[in-house]
Every structure is written in structure tokens, then in C-alpha cells.
Amino acid sequence: MGDKPPGFRGSRDWIGCVEASLCLAHFGGTQGRLCHVPRGAGLHGELERLYSHFAGGGGPVMVGGDADARSKALLGVCIGSGTEAYVLVLDPHYWGAPKSPSELQAAGWVGWREMNEAFDPNSFYNLCLTSHSSEPQQHPLD
């Protein structure tokens with residue numbers, strides 16, 4: 001997109017959710033809508049949005065934070081009774097030949113995690129909700 005120094009292309013440097021959203025908008029196809037959560041403890045307030053996103057056919061949700069700098073992608077959400085909630089987390093660092101779902105789960109690359117255990121309550125998080133919508137998207141920092 002021209003926003004990085006020439007040495008960035010082909011490097012192993014990472015981009016964040018904001019940059020990923022901008023790339024999706026720039027290159028077309030899948031769209032990304034950003035949601036900023038100032039503290040991980042506030043993610044419980046986003047459960048309905050996440051549930052609606054996935055129930056409506058939305059794609060993976062890219063997640064990045066500050067104190068919690070471990071990148072992750074959300075593939076689903078399960079809201080239980082009371083305050084119980086789980087997220088299906090994919091570690092985007094996996095690479096190699098595809099393994100069976102059970103092997104990936106046993107190795108910790110993908111699995112259901114309790115919401116309170118998956119996120120640091122003191123870290124901010126940016127969520128990039130992806131979709132194949134052909135409707136005009138709002139500004140990526142909405």
C-alpha cells in the first residue's frame with residue numbers, strides 16, 4: 001500500500017488489526033470493521049456484537065492488544081447462562097501442512113477458551129470483524 005519502508009515487503013514483520021483493516025479495504029474483497037475495546041474486561045460487553053457477527057455469516061475476527069500482544073483470531077462465540085462465555089480461538093502463528101482438527105486442537109493451535117482466560121482484563125484490544133459484504137463499509141475506525 002506504500003505506507004511501509006521498502007524493506008517491509010517480504011519481511012517477517014507483523015501488522016496490527018488497524019493495518020489489516022486498511023489492507024482489506026485497499027485490496028478489496030473481504031472487508032474489515034474495527035472495534036476498539038479500551039480494556040479486556042470490557043470484552044464481555046461485545047459478546048452480543050460478536051455473536052451477531054458470526055450468526056450473520058461474518059468471517060474470522062482478528063484480535064490484537066497491547067499488554068496482551070499475542071495475536072489471535074476468533075472463529076466463534078458461545079454464550080452460556082449467566083456470565084459464562086467462550087470463544088473459539090485460532091493461533092495465527094501456525095504454518096505448515098494442514099493437520100487434522102483434532103491434532104490442531106491437541107497442540108493448542110485452535111480451541112474453545114473461557115472468555116476471562118483468553119483475554120487480559122487490563123490490555124486494550126482491537127477487533128477486526130471480517131465479512132464478504134458488498135455493501136459500502138463505514139470508515140475503518142468506526
Side-chain angles (χ1 to χ4, degrees), residues 1 3-5 7-142:
M1 290 181 7
D3 66 325
K4 299 285 184 205
F8 185 82
R9 183 178 221 158
S11 75
R12 294 187 176 263
D13 291 342
W14 288 83
I15 62 172
C17 286
V18 173
E19 292 167 308
S21 177
L22 294 171
C23 286
L24 291 172
H26 178 78
F27 293 110
T30 301
Q31 298 295 306
R33 187 165 155 240
L34 286 176
C35 172
H36 176 74
V37 181
R39 292 185 40 151
L43 280 163
H44 276 280
E46 300 299 327
L47 285 172
E48 288 297 328
R49 180 193 304 232
L50 289 169
Y51 183 85
S52 294
H53 170 76
F54 291 120
V61 175
M62 294 174 270
V63 180
D66 64 342
D68 175 5
R70 294 170 292 165
S71 299
K72 50 183 111 351
L74 304 182
L75 303 177
V77 62
C78 177
I79 302 172
S81 60
T83 60
E84 188 177 287
Y86 294 86
V87 286
L88 182 56
V89 179
L90 169 74
D91 184 336
H93 298 96
Y94 178 79
W95 63 274
K99 296 183 178 189
S100 72
S102 58
E103 286 181 276
L104 292 173
Q105 187 173 7
W109 292 107
V110 66
W112 287 100
R113 296 193 50 205
E114 205 280 321
M115 188 80 147
N116 291 331
E117 295 174 11
F119 299 98
D120 181 333
N122 299 310
S123 179
F124 79 71
Y125 288 95
N126 287 319
L127 310 177
C128 180
L129 292 80
T130 62
S131 69
H132 288 286
S133 173
S134 59
E135 298 175 15
Q137 298 291 307
Q138 295 177 337
H139 187 278
L141 297 178
D142 171 31

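When reading the values below, keep in mind they use all heavy atoms of this one structure, side chains included, and skip hydrogens, waters and symmetry mates.
Partner of M62 under the side-chain contact (heavy atoms from CB on, under 4.5 Å) criterion, out of L74, L24, L127: L24 alone. With I79 as the fixed residue, the side-chain contact (heavy atoms from CB on, under 4.5 Å) test singles out one of E48, H44, M115: E48.
When all heavy atoms of D91 and S71 are compared, the closest pair comes out as OD1-O, 4.5 Å.
In this structure, CH2 on W112 lies 14.5 Å from CD on E117, to the nearest 0.5 angstrom. With rounding to the nearest 0.5 Å, the separation of NE2 in H53 from CG in L129 is 4.5 Å. The OG atom of S100 lies 10.0 Å from the CD atom of Q105; values are rounded to the nearest 0.5 Å. Note: Q31 CD to C128 SG = 9.5 Å, rounded to the nearest 0.5 Å.
Within the 4.5 Å cutoff, side-chain heavy atoms of E19 are placed close to those of K4. A 4.5 Å side-chain heavy-atom check between K72 and F119 finds at least one atom pair inside the cut-off. Side-chain contact between V110 and L75 is present, with heavy atoms from C-beta onward closer than 4.5 Å. When side chains are defined from C-beta on, R39 does not count as touching S123, because their heavy atoms never get closer than 4.5 Å. For the pair V18/L34, a side-chain contact is recorded, criterion being any heavy-atom separation below 4.5 Å from C-beta on.
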Full working for side chain to side chain contact (heavy atoms under 4.5 Å, CB included) between N126 and V63:
CA-CA 6 Å; N126 287 319; V63 180; over 6 Å; no

For a side chain to side chain contact (heavy atoms under 4.5 Å, CB included) check, start with the C-alpha distance between S131 and R33, then their side-chain angles and the critical distance, and finish with the verdict.
CA-CA 8 Å; S131 69; R33 187 165 155 240; over 6 Å; no

I would like to know whether D120 and Y125 meet side chain to side chain contact (heavy atoms under 4.5 Å, CB included); could you show each step before the answer?
CA-CA 9 Å; D120 181 333; Y125 288 95; 3.6 Å; yes

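With sequence neighbours excluded, the residues forming a ring pair (Phe, Tyr, Trp, His ring centres under 6.0 Å) with W109 are Y94, listed by chain and number.
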